[in-house]
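The basis for the numbers below is simple: all heavy atoms, side chains too, and nothing from hydrogens, waters or symmetry mates. Residue numbers run from 1 in the order of the sequence given. None of these values were measured; they are calculated from a predicted model.
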Amino acid sequence: MTDIKLMVDAARQLNQTWKTCSNGLEMANVPNDVYNALCEVDEAVTNLIDKIGEATKIITLSSIYKSV
């Protein structure tokens with residue numbers, strides 16, 4: 001269960017850091033290529049956090065079935 005906690009904590013920290021770094025950038029006057037790159041990073045962070053959630057679910061269910 002330590003692995004799950006580490007993954008969830010890392011995802012939470014990544015999400016919080018990205019929110020802090022990107023706060024207000026959609027309103028800023030940035031070039032289109034920079035804005036597009038920010039959107040790609042935002043999508044990648046979201047996808048990574050989703051995948052960590054799925055992995056956490058699989059690990060948890062696996063550990064439950066092993067203990068039964």
### Message
Using every non-hydrogen atom in the two residues, find where I59 and M7 come nearest and quote the distance to one decimal.
### Response
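Closest approach of I59 to M7: CD1-CE, 3.9 Å.
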#### Entry: Minimal non-hydrogen separation, A11 against I49, with atom names
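Closest heavy-atom pair between A11 and I49: O-CD1, 3.9 Å.
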State the [atom1]-[atom2] distance between [X] and [Y], to the nearest 0.5 angstrom.
X	Y	atom1	atom2	answer
C39	N32	SG	CG	10.0 Å
N15	T20	CG	OG1	9.5 Å
L6	T56	CG	OG1	10.5 Å

#### Entry: Residue pairs passing the salt bridge (Lys or Arg N to Asp or Glu O under 4.0 Å) test where at least one lies in residues 12-25, sequence neighbours excluded
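Pairs touching residues 12-25 that pass the test: D9-R12.
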### Query
What salt bridge (Lys or Arg N to Asp or Glu O under 4.0 Å) pairs are there with at least one residue in residues 35-56, not counting sequence neighbours?
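Salt bridge (Lys or Arg N to Asp or Glu O under 4.0 Å) check on residues 35-56 returns E54-K57.
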### Task
Report yes if some heavy atom in the side chain of L38 is under 4.5 Å from a heavy atom in the side chain of W18; otherwise report no.
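Heavy-atom side-chain distance check passes, below 4.5 Å.
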